[in-house]
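One structure below.
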Amino acid sequence: MLVMAKVISFINYKGGVGKTTTTYHVGCSLADHHGKRVLLVDIDPQTNLTFLAVEYGDWERFKRNNGTIATLYSRYQQGLPLQTQRYIWKDRIGYGRFRKVENVDIIPCDLELLGLGQDLGGSTQAIQSGSGPFDALKALRDNAQLYLRARLFLKEAFSEIQDLYDYILIDCPPNLYMMTQNALVASDWYVVTTIPEFLSRIGIEILDKTVRSIQGQVREAARNAGFAGVDVAEMGGIVSVKVRIGGTRITDQHEEWITTLDGAFPGKCFDDYTTELIGYSEAAQLRLPLWLANTPNARRAARKSEYENITNEFLRRFP
């Protein structure tokens, strides 16, 4: 039986909440510790996930010779064959004297994606109906198809390669504009990363409400267009990052807010979390997952096995 990759998006309205670092480390851990085939997809024009994996000069050459997610999206907008495999960069984690993480590929991003279908309402223009009831029904169907086409790019792109991987992980920009909506339509679940603080609960509640609104719109459009199998991802989990430790335990403030989040979103909060450790920054500079970065701070941080524990829980939630 053909096994299709599970698709998970990592999202949050805010930047600086560990979204990219979590996407990267969970993807690397799935491959390195569990033997999974993983595709990382960067749809954030800031390209942070891309540059966690590759050097700038190598990225420029790949962009020139192959293209990026922006190139792929332009082909979709023009109605050209996507040829998704062309934009997959094979085995890019680890370089030089460091051991590579096998079975992790990436579709890189670039700044050109900014402005390509990023408006919240979409780039499609409504079709005007004629005077008769059949004209009105046709216009309703055509408008629904236009609405969905603006949000089906990633789903169609992944349909060409989904049997090549166990997991496809999407690093989304800090918004719910068109490209993030594409990710939600293409995904089975979405995961929110957050710092446990006062505004976290409010932000995630707004995010959840907005995603549910988008879900309702997509389902209605799918009914009107007669499209089967089109839906929006459900929230699959909340991962707390940069948790503060006082001595050997979580500070009272962060423990309180983790408990608050767990009460607001029962069953959604991961039991495991990451802490504020300088080793993560050093690993990022080396373009390596924490457990492969051989600096003193990275080695100390790696002994906590934070992302390994999160990945174990990830596998339990999304087997």
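In this structure the side chain of L39 never reaches within 4.5 angstrom of the side chain of V104, judged on heavy atoms. The shortest distance between side-chain heavy atoms of K6 and I168 does not fall below 4.5 Å. Side-chain contact between D142 and L146 is absent, with no heavy-atom pair separated by less than 4.5 Å. Using a 4.5 Å heavy-atom threshold, the side chains of T23 and L169 count as touching. Side-chain atoms of T180 and P173, non-hydrogen and from C-beta on, do get closer than 4.5 Å to each other. Contact check for D208 versus M235: side-chain heavy atoms found under the 4.5 Å cut-off.
Under the salt bridge (Lys or Arg N to Asp or Glu O under 4.0 Å) criterion, the residue pairs touching residues 223-233 are R219-D231, with sequence neighbours excluded. The salt bridge (Lys or Arg N to Asp or Glu O under 4.0 Å) analysis of residues 171-181, with sequence neighbours excluded, yields the pairs K19-D171. Among pairs with a residue in residues 261-275, those fulfilling side-chain hydrogen bond (donor to acceptor under 3.5 Å, both in side chains) read T275-E306, at least two apart in sequence or across chains.
Between T210 and Y13, the side chains place a donor N or O and an acceptor N or O closer than 3.5 Å (distance only, hydrogens not considered). T193 and N12 are not linked by any side-chain donor-acceptor pair at a separation below 3.5 angstrom, with hydrogens and angles left out of the test. There is a side-chain donor-acceptor pair under 3.5 Å between N312 and H34. No side-chain donor from either of D58 and W89 sits under 3.5 Å from a side-chain acceptor of the other. Side-chain contact check for E308 and S29: no donor-acceptor pair (N or O, by modelled atom type) lies under 3.5 Å. A donor-acceptor contact closer than 3.5 angstrom links the side chains of Q215 and E234.
Applying the side chain to side chain contact (heavy atoms under 4.5 Å, CB included) rule to P266 yields no partners; only residues at least two apart in sequence or on another chain are considered. For L164, the side chain to side chain contact (heavy atoms under 4.5 Å, CB included) criterion is met by Q85, I161, not counting sequence neighbours. Shown here are the side chain to side chain contact (heavy atoms under 4.5 Å, CB included) partners of L52, two or more places apart in sequence or in another chain: T20, Y24, A284. Applying the salt bridge (Lys or Arg N to Asp or Glu O under 4.0 Å) rule to E313 yields the partners R317; only residues at least two apart in sequence or on another chain are considered. Under the rule for a salt bridge (Lys or Arg N to Asp or Glu O under 4.0 Å), the partners of E205 that lie at least two apart in sequence or sit in another chain are R201. For D166, the salt bridge (Lys or Arg N to Asp or Glu O under 4.0 Å) partners are R37, not counting sequence neighbours. In this structure K90 satisfies the salt bridge (Lys or Arg N to Asp or Glu O under 4.0 Å) test together with D105, sequence neighbours excluded. By the ring pair (Phe, Tyr, Trp, His ring centres under 6.0 Å) test, Y307 is found to be paired with H25, Y280, residues two or more places apart in sequence or in another chain being considered. Residues satisfying the side chain to side chain contact (heavy atoms under 4.5 Å, CB included) test with Q46, not counting sequence neighbours, are D44, N48, P174.
A side-chain donor-acceptor contact under 3.5 Å links Q78 to the backbone of S74. At distances below 3.5 Å, not a single donor-acceptor pair connects side-chain atoms of E276 with backbone N or O atoms of V243. Judged purely by atom type and a 3.5 angstrom limit, T21 has no side-chain atom pairing as donor or acceptor with the backbone of G18. In terms of modelled atom types and a separation under 3.5 Å, the side chain of R287 and the main chain of V54 share a donor-acceptor contact. Looking at E160, its side chain does come within 3.5 Å of a backbone N or O of T84 through a donor-acceptor pair. Remark: side-chain polar atoms of N65 are paired, donor with acceptor, to backbone N or O of R61 under 3.5 angstrom.
Between F10 and Y190, a ring centre-to-centre spacing not shorter than 6.0 Å is recorded. Taking the ring centroids of F314 and F270, they lie at or beyond the 6.0 Å cut-off.
Across all their heavy atoms, T47 and L111 have their closest contact at CG2-N, 4.2 Å. When all heavy atoms of A70 and L113 are compared, the closest pair comes out as CB-N, 3.8 Å. In plain terms, the two heavy atoms of P196 and I258 that are nearest each other are CB-CG1, 3.8 Å. Heavy-atom minimum distance, P289 versus V101: CG-CG2, 4.0 Å. The shortest heavy-atom contact between I170 and S187 is CD1-OG, 3.8 Å. The two residues L315 and Y167 come nearest to each other via the heavy atoms CD2-OH, 3.4 Å.
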query = Run the side chain to side chain contact (heavy atoms under 4.5 Å, CB included) check on N224 and Y147 step by step: do they pass?
reply = CA-CA 11 Å; N224 291 332; Y147 177 91; over 6 Å; no
inquiry  = Between T50 and W59, does the side chain to side chain contact (heavy atoms under 4.5 Å, CB included) criterion hold? Intermediate values first, please.
reply    = CA-CA 8 Å; T50 296; W59 168 80; 3.5 Å; yes
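Annotation: cation-pi geometry not satisfied between R64 and F62 (NZ/CZ under 6.0 angstrom from ring centroid, within 45° of ring axis).
With respect to the salt-bridge test (charged N to carboxylate O, under 4.0 angstrom), the residues E112 and K63 qualify.
Taking CD of Q217 as the reference point, atom OG of S213 lies at 4.5 Å (rounded to 0.5 Å). The CD1 atom of I11 sits 9.5 Å away from the CD1 atom of I43 when rounded to the nearest 0.5 Å.
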